[in-house]
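First up is the structure itself, then whatever we jot down about it.
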Amino acid sequence: MAKFNTGQSFADGDTVTGAKLNNITSQLNIYTGVISEQTAMSATVSTADQLLIADTDNGDSGAANRVTIQKLLNDTLTNGTYTNANLTGTITSNRTVATSATITTGTIPNLTSSTANITLGTIPTLTAGTTTSTAANITNGTVQTLTASTATITSGTYSGLINSSTGTFSGAINSTLGTIATLNSTTGTITNLSTTLAGDFTISQGTATLSTTGATAGTYGTTGIIPTISVDAKGRITTIGTSLGGKILQVVESSSTTQTIVASATLTDTGLSGTITPKSSSSNILVMAYQSVNNVRSAASQGHAITIVRTIGTTSTSITNSSTGYDSGFISVTGVTGVQLGVIASIVKLDSPGTTSLCTYKTQGRAYLTASGGQAVFQDGSNASRMILMEVAA
């Protein structure tokens, strides 16, 4: 059925001309009630092209309806298999893609096939499942986390294996070949590092702890003492000693001119003393006392006795004959009615104090006979007595 274009009208009495008739026919919109026996189009139809769809229920009297290819597909396309379909846009439902399909863009959320081979492109995140295939080949990209405790890295170069603020290797790294070029961690811990380092080694950063040897930490050697050192094949000091057996380490001399009269048989301080501080607790102290003493008595015989006492702190010990003090000898004069004999008595003792604390040595003396005015006068008339102390290395 055809409808004339009502844009061209005739007034009463108008002359019908060819031009006006042409306007009517050239401006016609022609609708076919039912379009049938159409020849198939060989050209490509775009989504914007329009189709005329006739409603056959209305017979030949119905006008055709206009629709686009895009709308037709949106309204009628259902799930199924479409050969050579070239679809663009976002697929929101599940689709099965053939193994020979080429995916140029998009996201693959899960890769489950152990034989998958991705040769080009970017996989932004691998989060699901665990890759266990030994045939997997990753030619480019970043492996963010290795979690398998049995993973074995056999070859290759790993320039940025650890990129973490804590940088901790929690499991064993089994690498028989290859080079770890960079460990990018300032606070990390390598838990499986051999504690035995053989041969020469250099640590440019960090701290290495060496095992202890037989030597005790401390300072060895002082003025006059040169320590003896034993070194093993690895250059470690194993023992340190300070023994200089028989060597004189120091000499201290003291004297006294103070007169001291002892008129009893009890050992009494004579006024002669000296002090020394040993450099080694194993040292010996050689004590030599030269005592000025005058033996006095208004009878035929007289004598004296001298002993040496060592004091460390508050403890005093006699290092010679502590009971009689006769180490200096006895003088006997006969055939006279009085005695007054001055001598230089000597007493020598090698002592082992076993300390490095201050040691004080002094002499004590007594008169042998006290009857008939008997007495021993030390430093009589200000005659000097002397004491020499020598430290001798053990």
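Considering every non-hydrogen atom in both Thr277 and Glu391, the closest pair reads O-OE1, 4.1 Å. Listed here is the closest heavy atom pair of Gln291 and Ser385: NE2-OG, 3.3 Å. Taking every heavy atom of both residues into account, Ala367 and Ala376 meet most closely at CB-N, 3.7 Å.
The main-chain N or O of Ser357 is found under 3.5 Å from a side-chain atom of Thr355 such that the two form a donor-acceptor pair. The backbone N or O of Gln340 lies less than 3.5 Å from no partner atom in the side chain of Arg297, so there is not a single donor-acceptor pair. With hydrogens and angles ignored, the 3.5 Å screen pairs a side-chain donor or acceptor of Gln302 with a backbone N or O of Val296. Side chain of Thr370 to backbone of Ser264: no donor-acceptor contact under 3.5 angstrom is found.
Considering Asn383, Val343, Leu272 in turn, Asn383 is the only one that fulfils the side-chain contact (heavy atoms from CB on, under 4.5 Å) rule with Ser292. Only one option out of Ser281, Ser283, Ser282 pairs with Thr356 in a side-chain contact (heavy atoms from CB on, under 4.5 Å); it is Ser281.
In this structure, NZ in Lys349 is found 9.5 Å from OG in Ser318, a value given to the nearest 0.5 Å. Atom CG of Asn295 sits about 10.0 Å away from atom CG of Leu369, to the nearest 0.5 Å. Atoms CD1 and OH, on Ile388 and Tyr290 in that order, are 5.5 Å from each other to the nearest 0.5 Å. Between Tyr361 atom OH and Asp351 atom CG the span is 3.5 Å, to the nearest 0.5 Å. Taking CD1 from Ile319 and CD1 from Ile308, the interatomic distance works out to 5.0 Å, rounded to the nearest 0.5 Å. From Met387, atom CE reaches atom OG of Ser273 across 6.5 Å, with rounding to the nearest 0.5 Å.
The hydrophobic cluster containing Leu350 also contains Ile248, counting ILVMFWY residues as joined when their side-chain heavy atoms lie under 4.5 angstrom apart, directly or transitively. Residues Leu358 and Ile312 do not share a hydrophobic cluster, clusters being chains of Ile/Leu/Val/Met/Phe/Trp/Tyr side chains in contact below 4.5 Å. Hydrophobic cluster membership differs between Val309 and Met288, with clusters built from Ile, Leu, Val, Met, Phe, Trp and Tyr side chains linked at under 4.5 angstrom. In the hydrophobic clustering of this structure, Val293 does not group with Val377; members are Ile, Leu, Val, Met, Phe, Trp, Tyr whose side-chain heavy atoms approach within less than 4.5 Å, directly or through other members. Using a 4.5 Å cut-off between side-chain heavy atoms of Ile, Leu, Val, Met, Phe, Trp and Tyr, with links allowed through other members, Leu341 and Ile306 fall into the same hydrophobic cluster.
The shortest distance between side-chain heavy atoms of Pro278 and Cys359 falls below 4.5 Å.
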Evaluate side chain to side chain contact (heavy atoms under 4.5 Å, CB included) for Lys362 paired with Asp269, printing each intermediate quantity in order. CA-CA 7 Å; Lys362 66 180 180 180; Asp269 290 350; 3.3 Å; yes

Residue pair Thr363, Thr270: steps toward the side chain to side chain donor-acceptor pair (under 3.5 Å) verdict: CA-CA 6 Å; Thr363 60; Thr270 68; 2.4 Å; yes

Derivation and outcome, side chain to side chain contact (heavy atoms under 4.5 Å, CB included), residues Gln250 and Ile276: CA-CA 9 Å; Gln250 58 175 321; Ile276 190 171; 3.9 Å; yes

Could you walk me through whether Tyr368 and His304 pass the side chain to side chain contact (heavy atoms under 4.5 Å, CB included) test, one step at a time? CA-CA 5 Å; Tyr368 176 64; His304 67 271; 5.9 Å; no

Verdict with supporting geometry, Thr260 and Gln379, side chain to side chain contact (heavy atoms under 4.5 Å, CB included): CA-CA 7 Å; Thr260 302; Gln379 293 85 240; 4.1 Å; yes

Any chance you could lay out the side chain to side chain donor-acceptor pair (under 3.5 Å) test for Gln364 and Thr268, step after step, and finish with the verdict? CA-CA 5 Å; Gln364 290 182 336; Thr268 305; over 6 Å; no

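Using a 3.5 Å distance cut-off with no hydrogens or angles, the side chains of Thr307 and Thr320 do pair a donor with an acceptor. Thr311 and Ser316 are linked by a side-chain donor-acceptor pair at a separation below 3.5 angstrom, with hydrogens and angles left out of the test.
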